[in-house]
Amino acid sequence: MTERTVWTILILAMIAMAFSRTMFDPSQSAGREYVKQVDGEWVKADLIDRNAGIAEVSYDRTAGLWIAAVFTLCIFSFMYRDNPFYKVAESTVVGVSAAYYMVVGFWSTLVPNLFAKLMPGVIQQWAMPGLSPEIEPTGIYYIVPLILGIMLLMRLVPSMSWISLWPLAFIIGTTAGLRMIAYLEADFLSQIENSFVPLIVFTETGIDYWQSFQNTFMIVSILSCLVYFFFSIEHKGAVAGVSKFGIWILMMTFGAMFGMTVMGRIALLAIRLEFLFREWMNIRPY
Amino acid sequence: MPVISPDEINVILATDCGSTTTKAIMIEKIDGHYRQTYRGEAPTTVEEPAANVTIGVANAIAEIGELAGRKLLDENNEIIRPARGNEGCDIYISTSSAGGGLQMLVSGVVREMTAASAKRAALGAGAIVLDIIASNDKRKPYEQIQRIRELRPDMILMAGGTDGGTEKHVVQLAELIAPAKPQPRFGSEYRMPVIFAGNKEAWPMVRDTFDDSVELSQVENVRPILDRENLGPARDMIHDLFLEHVMAHAPGYDKLIAWTDAPIMPTPGAVGNILKTIAEKSGINAVGVDIGGATTDVFSVFDGEFNRTVSANLGMSYSISNVCAEATMPNILRWVHVDMDERELRNRVKNKMIRPTTIPQSLEALIFEQAVSREALRLAYLQHKEFATTLKGVQQQRTVGDLFTQDSGGNSIVDNMKLDLLVASGGVLSHAPRMEQTAAMLIDAFEPEGFTRLAKDSIFMMPHLGVLAQVHPQAALEVFERDCLIYLGTCIATAGKPVPNKVAFEYRITGDITAQGEILAGELKRIPLAADQEARVSITPHRKLDAGNGKGQSVEKTVHGGTVGIILDGRGRPLLVGGETGYSRQDVSQWVEALNLYENESLVSSK
Amino acid sequence: MAHAYTPGLKVTECTNLRVRRILPISGSVHVEKGQDVQAEDVVAEAQIPGNIFPINLANLLATAPAELQNCMKKEVGDRVEIGDLLAESKGIFGFFKTQYHSKSAGVLEAVSKITGQVILRGAPIPVQVKAYVTGKVIDIMPEHGVVIESTVAFIQGIFGIGSEAYGPIAVACETPDEILRAEHIKPEMSGCVIIGGARMTNEAIAKAVEIGAAAVISGGIDDQDLKNILGYDLGVAITGTENIGPSLIITEGFGDIAMAERTHRLLCSHTGHAASVNGATQIRAGVMRPEIVIPLDQTHSSDTIDEGVVEGILEPGVTIRLIRDPYFGRIGQVATLPSEPQVLGSGSKARVLTVTCENGEEILVPRANVEIIAD
Amino acid sequence: MQTSFLHILKAIACSLSIVLLSAIIANGQEAEPDQPANVKELIIKDRDWDNGDSLIVTVPLSDFYFKKLQDLEQADGHLLIGMSEEYGGAYRPVSQFPPNDGTWEFDEEEKTLSGRVSSLTRHSHYYFRASWEPEEGDLTLLAESTEPMQSKRQWFIGEKRNLAFVGFVICGSVIFFIEIAKRGRPLKVRKIAGLNAVDEAVGRATEMGRSVLFVPGIQDLNDIQTIAGLNILSHVAKTAAEFDADVEVPTSRALVMTAARETLQGSYLSAGRPDAYNPDLAYYVTDEQFGYVAAVSGSMVREQPAACFYMGAFYAESLILAETGNSIGAIQVAGTAEPSQLPFFVAACDYTLIGEELFAASAYLSGAPEELGSLKGQDVGKIIVAIGIITGCIAATIDQPFSFVLTFVLIATAILLGVWWILSRETSQPSLHTPG
């Protein structure tokens, strides 16, 4: 009961603050989006444009700004715990994005890559005016993906759902095949080649000890990590020692990566906060 | 039952009604200490024609009475109480495993989790677990139902789900058990007791699933959360129901219950009880084994954690054939240092199975029987180790550093290196003609590491003392230490594979005896040290071997003697005998000689 | 102590045998007190509740268990046949309904709201109890069974496999020390209780299975042969449920051992008579030995025994069999019973007795290793 | 799972044969008779063993130019190859000599210089001209082709023979080990820490009456990690089916959902509980990365699964998922080959399969000969990598050709292996014999 009261007050206070900020922002830019017209297109206007008097408030963009801000706050509320605000934001994001991807999938994949190849005439009239209505000589091959696609949809018919296994198998099989070559080439051979370094680096003045150590250390690390991922031998005796060294190398790598990624995440957070403070509420420390 | 203050108890009478014999002992207070004084034995009379267990009890007590010259029974064959002069006793207690003991069916959701907890509860209470019904036991529901129907347990323990956990599975199990309408073993005179020790929130639904044909009761969950086990309430309930229902319907038990001053306990439960008490009082880790004709019980207390397993078909008479089938003949014969004909032996084993009461007459038969017992004990201990584990299903708290030692739960808590006391009981161990044989069987089967004291239960009075510990712990402890155990000595062994022909460890003994020397890999040496003697032993193992302080680190400890003395074991652990990589028959012969196991020279040398 | 209890196997020419024929669960008894019954008459019958088929209908229909009740097309207690519509989901707007047709027949016993499980119980399984021996019903336990008394020749074996069997006695081996081989078994012995002599061979058993004998009785069997017949190494002596064809009974033990002279003589004297045989053995507490029961024509006045363990008293002069190596299988008379325990070859101390063997030799054996041949 | 994979295998076989057939037909159409060049100046040949994008141009040279070009010090200009789509059209320079980019060769006897012209389009007609371009002054036409020339594609690209060799060795050893495994020879795979936790995690979920969450990554089915994840799903689901626990599989790709359902059904079937399979448990959320994460972590907080598995390709969502899982007290097992995400899983999960362990895991779990064999085959690949790296480093150190050092390394390895084998035969005997 008390908790609820506290939260109600807090939320009301936040709403009040947001509105008051919007109302009484001296620069009149908090909680609003300004636009100007350039070559018949509406684009975002900045302070200079406003001072020049060519900008005006865009109500739909302002609504967008508020939605973005409110959803950002809703998602942040998850830090406290799961709550209806989060659920609303979550469901919206999921629903909108799922629908969005469906539409994108239809317009950017199905239409240009399948229908446009198979029946360019129809598509030209209907969706893609720039398209040549002549069917390409290879266009007819696109009947194969169409058939596979239809087979995949057979899943919806319970009695014929087994048909969908075939295209699925085709996808998995071709992917595996294609990937294997790419993998062998990019990860396998080129990676091996890249680790061809002289273990002892001779220079004109003698041996470059530091570089030699670096190279040797790198090669030893690579080989010991390789031993860790060698599955045929139980980690016992000497193998255990080598793989342990490999583990340490992995751990060091992980540590470095952890740090790097955390930095990246903090940057993401900063961007979000920047959006809230600057773009939405126009709060600037300077 | 009359309440007597413990100080006034001078004469204690205890019986253990086994499936074939009823053993009675008398404990008297002599010079302020409790000592076991007389014992008697008589055939158990649960079955026809007598069909009254008290007759056998009275016979056994009468035997004591004759020996002690004390009148214990009155004209009606009732025990005279309290003791007055040369008559009667102060308290009478009893255990029972007659009629096959307490046989239970347990159920739980996940075999390795709640079902294992339920099994532990049942075994700890002294029951034989006939089967475990679990959601993941890979049997189809109808097979499970079939199984429930076939078995005729005395009692059913249902567990499953943490408190607030799964209800579906628990109710599903109830839905299997209820329609199967399990029949109790002792006829249909009473309703099958079913204990529910699972998710308390599922209880109302479980209760609705069963009808009046069973006696349903609820206790606290054996696994309230996955990270903790709570077996006490379930064990107590099993004991209560054992008395109330199962025992009360066995012939003559109503009378026996009335006689006793403490609740009758199932024999194995009582043994576990005394072992637990001893381990707690002395702060040691102990393993006890009771090898019987049909089953082998292993009890262990490690760091206060008590576990018991019953290896149902590992025994020396009824189950001897099964031991041979499970261990296989070559594995048994690897312990035999003389030539024997395998086909002949197979028939002998079967003959022992169909005539379980016979005893080995020739030395050859004894050697073979002791070889079988090594395998039976080894297999039983293996089962015990697999069962006595840490809890499974516990969330692991890890740091990044733990990544590469990703252990899962369910590791055995049995650690031979930490074992302090190994107690043997059961015919083949207790009645071995030489104590050295008992010690050798224990060491070969259990492979103790580090310093381990070996003992045997002189006349199998651990059950009696287990019940006594409930009413008079002090008396139980005194008798246990003075009369119950016969100390064989101390085994000192190193863990790890010794390098052939190299020294396994060096030893230096000071104290009541002094000695020093080296033990070679694969060597076994006995140094006599009497039961009342003590010695300080210092061991420096080879750099690849571990005597308790890590590889190559020396260990020094005070050891107690016994009828055998100190056994220095340089054979390494695990002990590999037979096959192509293990020790050869020649090595086994050397061990036999080193420990002077068998007298007959002609047999020893006829390899 | 001049005597001791030892186990012994009953081999009796004539005795009054009482057998209790009990149903596993309560049912109906078909005979009346005093009625004469034949061995294969059904004396009592019960219906064991049928097998249970649990079906997780909630999952199959993709509905919540709580809603399952509304989807059921059959009520609890209804009869369900294979292919019957058991339940149908509500679907959406009346479309996309999922149906479940029963794959087993039975009576709908329960519908669970918690687990979504539906339990079908199949048809009851009838259990019949036969009279086992030809004789007279002397007692009725209503709904549970009967006690039948009969005057019989009664022979206990030491070990057997297989369950109850009936058939006339046919002698294959004329002497007790003749090994039972395949050639001893003739096609006309089909359905008979075949009496062998010493060890029964693997081939002989195979032949007996082939011709369809009711039972084979002989002195011993080799462990390896038993393993071959069963297909596994028998671990625990609890038998009776094997299904190899004929029931097998050995009267003496494992290995090459002749059937006791007396047993063989007794069995041969009843050639052609109908016998009831039970191979079920249980060597545990509540011991059960295999037995051969041959009902006799006229009522003899003799001791009444119940089925079960027989105990005898060991006294000098009693005929015993040695049941442990190194003298396994020998027969002799108790000579003396020294009261003090003595040290055996193995080094153990045990109570012993001396035995005068049939060849006159006198040997010392532990009392535990002898068996009274009762008469 | 087994059956569905058989189907898939069959399907692959059929699809491949269809593709091959159509390729053969297509190839047959494009093969046209060779037009012999009647003008002798330039000899143009199709380059063998290529993808159909290059031709070999052989320029017959006069002694003057031949000498000039042979002696690079003296050369005061270039040999320029021009190319045009029509005869006498606009020839654009496509190649020149010197410098020699490694494709130019002299023929002393014929007095010719051959060079390669690449990046051509198949089916197009090309005309060539070879001219001398002095450093100053105009071009001198040395030779030209008068007949159009087309480049053709061969079945194999010769340059990739190394790749083919490695591919054949690895695939061959995979097949070899699969065959060995199928014959019943036990193949040992080392214990993979954390995998034994599957039973424990699923058991925990069962006992606590909660579900098991399985996230197969956020990539589509064309990512090999997703497939490995689904393989592990089949084992997790089988365990769950045996325990009768629910496995929830939210996916971020429609195809993955389909495959996950297929996998689940197969697992429930092989666990003997087809009636417990509920297709609704594998569902599609959204393709949007963070939308997906929001939905999954939301449902985690609400439904509190007791066990969470993350097996597949993960990116920024790894920490969010793993932390949410940790906060609700679930046993978590993760596995990914994305190096950047491993640290987060390591930090927040109970057990983590690192990199290739993810792929090894499914083989280890199933013990199926196909998977074990392929794991063993991959180990052969790792040996090749190790030998290759060692050889390469030695070659780089002593500055000798790779193949030369390789010979020595291989011989040394063979000798060492042989010695080890002989020694191990003498000292070690078969392990303790336990018949029966």
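Chain identifiers are assigned alphabetically (A, B, ...) following the order of the sequence lines, protein sequences preceding nucleic acid strands; residue numbering begins at 1 within each chain. These numbers were taken from a predicted model, which means no experiment stands behind them.
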Review point. Would C/Arg324 and B/Glu369 pass as an ion pair if we require N to O under 4.0 Å?
Key: yes
Check your understanding: Does any heavy atom of chain C fall under 4.5 Å from the side chain of B/Arg348, the backbone, both, or neither of them?
Key -> side chain
Point to revise | Proximal component of C/Leu226, with respect to chain B [non-hydrogen, under 4.5 Å] | key: side chain
Check your understanding: C/Leu344, C/Asn369, C/Leu234, C/Val343: which one forms the most heavy-atom pairs within less than 4.5 Å of chain B?
Key -> C/Asn369
Exercise for review: Salt-bridge test for B/Arg343 and C/Asp223: reply yes if a basic N is under 4.0 Å from a carboxylate O, no otherwise.
Suggested key: no
Exercise for review: Check whether B/Glu344 gets within reach of chain C through its side chain, its backbone, both or neither, counting any heavy atom under 4.5 Å.
Suggested key: neither
Point to revise | Spatial distance of atom CD1 (B/Ile354) from atom CD1 (C/Ile158) [nearest 0.5 Å] | key: 5.0 Å
Exercise for review: Name, in order of residue number, those residues of residues 167-177 of chain B that have a heavy atom at a distance of less than 4.5 Å from a heavy atom in chain C; otherwise write 'none'.
Suggested key: B/Lys168, B/Val171, B/Gln172, B/Glu175
Review point. Where on C/Tyr327 is there a heavy atom nearer than 4.5 Å to chain B: the side chain, the backbone, both, or neither?
Key: side chain
Review point. With only heavy atoms counted, which part of B/Arg434 is less than 4.5 Å from chain C, the side chain, the backbone, both or neither?
Key: neither
Check your understanding: OG of B/Ser321 to NZ of C/Lys227: how many Å apart, nearest 0.5 Å?
Key -> 10.0 Å
Check your understanding: Looking at C/Ile221, C/Val352, C/Asp233, which one has more heavy-atom pairs under 4.5 Å with chain B than the rest?
Key -> C/Asp233
Review point. Under a 4.5 Å heavy-atom cutoff, which of B/Asp208, B/Leu366, B/Asn322 has the most pairs with chain C?
Key: B/Asn322
Exercise for review: Can you see which heavy atom on B/Ile359 is nearest to which on C/Pro366, and at what distance?
Suggested key: CD1-CB, 3.6 Å
**Study point:** Steps toward side-chain contact (heavy atoms from CB on, under 4.5 Å) verdict (B/Gln361, C/Leu322)
**Key:** CA-CA 11 Å; B/Gln361 182 175 4; C/Leu322 304 180; over 6 Å; no
Review point. Can you name the residues that form a ring-ring contact (aromatic ring centres under 6.0 Å, His included) with C/Phe254, not counting sequence neighbours?
Key: C/Phe159
